[in-house]
*Asks:* 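For reference, the structure I am asking about is given below.
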Amino acid sequence: MVAVYAAGLLLGGLFLINGIFSYQGKYIEPVFWPTFWYQLKLLPLIFAANLMIGFGIQNGYRALGNLTITLLMSKCLEMLVCVVIGYIFLKEIPTWKTFLGLAVIAGGFLITRWK
């Protein structure tokens, strides 16, 4: 059950933080003051996302007992979140190269799990 909490917290935090920065990249002018005010307004959400990611990794470590594997799984989740956020904000359709890259990451994860 702790692993489910970890995955949920990681997904929530990663979607939140990637969504904030994707929105900024698409809709906020790349000038200092508009970016500054946007970041200042969203500071509570960024704080919440950091807490969710931190507790997700902490609970994942408690569930798996291995920090390296926990961080690898969080990176895999982050790659999937990036693909989804890219589609939502920029309508980028993943190509076969994207899926090949994700497969390489998943394969590397499996290789690290072999004993």
*Asks:* Is there a continuous path of hydrophobic side-chain contacts, each under 4.5 Å between heavy atoms, that joins V2 to I53?
*Replies:*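 V2 and I53: separate clusters.
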*Asks:* Cluster question for you: counting only ILVMFWY and a side-chain heavy-atom cut-off of under 4.5 Å, with indirect links fine, are I88 and L14 together?
*Replies:*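 Linked within one cluster.
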*Asks:* Calculate, to the nearest 0.5 Å, the distance between atoms CG and CD belonging to L67 and Q58 respectively.
*Replies:*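 Rounded to the nearest 0.5 Å, the CG-CD separation comes to 10.5 Å.
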*Asks:* If I compare all heavy atoms of Y38 with all of I20, which pair ends up nearest, and what's the gap?
*Replies:*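 In this case the closest contact between Y38 and I20 is OH-O, 2.8 Å.
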*Asks:* Would you indicate whether Y61, at its atom OH, is surrounded by more than 12 heavy atoms from other residues, nucleotides or ligands within a distance under 6.0 Å?
*Replies:* no
*Asks:* Could you give me the CA-CA distance, side-chain angles and deciding distance for L10 and M52, then say whether side chain to side chain contact (heavy atoms under 4.5 Å, CB included) is met?
*Replies:* CA-CA 6 Å; L10 277 171; M52 288 169 36; over 6 Å; no
*Asks:* Got a sec: does the NZ of K26 have more than 12 other heavy atoms crowding it under 6.0 Å?
*Replies:* yes
*Asks:* For the hydrophobic clusters of this structure (ILVMFWY residues joined by side-chain heavy atoms under 4.5 Å, transitively), does one cluster hold both I28 and L42?
*Replies:* yes
*Asks:* Can you give me the closest heavy-atom contact between A6 and G56, atom names plus distance?
*Replies:*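 Where A6 meets G56 most closely, the heavy atoms are CB-O, 3.3 Å.
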*Asks:* Measure the CG-CD1 distance between L9 and I57 for me, rounded to the nearest 0.5 Å.
*Replies:*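 Answer for the CG-CD1 pair, L9 versus I57, is 10.5 Å.
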*Asks:* Find out if a path of hydrophobic residues (ILVMFWY) with successive side-chain heavy-atom gaps under 4.5 Å connects I69 to V104.
*Replies:*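 They do not share one cluster, since no chain of ILVMFWY contacts under 4.5 Å joins I69 to V104.
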*Asks:* If I take atom OG from residue S74 and atom CG from residue L11, how far apart are they, to the nearest 0.5 angstrom?
*Replies:* 10.5 Å
*Asks:* What verdict does the side chain to side chain contact (heavy atoms under 4.5 Å, CB included) test give for I46 and Q39, after you've listed the backbone C-alpha separation in whole Å, the side-chain angles of each residue and the deciding distance to 0.1 Å?
*Replies:* CA-CA 9 Å; I46 293 171; Q39 289 290 324; 3.2 Å; yes
*Asks:* How long is the gap from CE on M73 to CG on L64, to the nearest 0.5 Å?
*Replies:*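 These two atoms lie 5.5 Å from each other.
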*Asks:* Find the distance between CD1 (I85) and CZ (F21) and round it off to the nearest 0.5 Å.
*Replies:*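 The CD1 atom of I85 sits 12.5 Å away from the CZ atom of F21.
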*Asks:* If the plane angle is over 60° it's perpendicular, under 30° parallel, otherwise tilted; pick one for F36 and F32.
*Replies:*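 Parallel.
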*Asks:* Would you verify whether the NZ or CZ of K97 falls within 45 degrees of the ring axis of F99 while also being under 6.0 Å from that six-membered ring's centre?
*Replies:*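 No cation-pi geometry.
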*Asks:* For the residue pair T35 and Q24, what are the closest heavy atoms and their distance?
*Replies:* CG2-NE2, 3.2 Å
*Asks:* State, to 0.1 Å, how close P94 and V83 come at their nearest heavy-atom pair, and which atoms those are.
*Replies:*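 Answer, listing the atom of P94 first, then V83: CG-CG1, 3.5 Å.
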*Asks:* Honestly curious: do L100 and I111 fall in one hydrophobic cluster under the side-chain, below-4.5 Å linking rule?
*Replies:* no
*Asks:* Taking all non-hydrogen atoms of both residues, which atom of G13 and which atom of A49 are closest, and how far apart?
*Replies:*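 Result for this residue pair: O-CB, 3.7 Å.
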*Asks:* Output the distance between atom OG (S22) and atom CD1 (I17), rounded to the nearest 0.5 Å.
*Replies:*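 With rounding to 0.5 Å, OG (S22) is 10.5 Å from CD1 (I17).
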*Asks:* Could you check whether the rings of Y23 and F89 sit parallel, tilted or perpendicular, using 30° and 60° as the cut-offs?
*Replies:* perpendicular
*Asks:* Side chains of V84 and V81: closer than 4.5 Å at any heavy-atom pair?
*Replies:* no
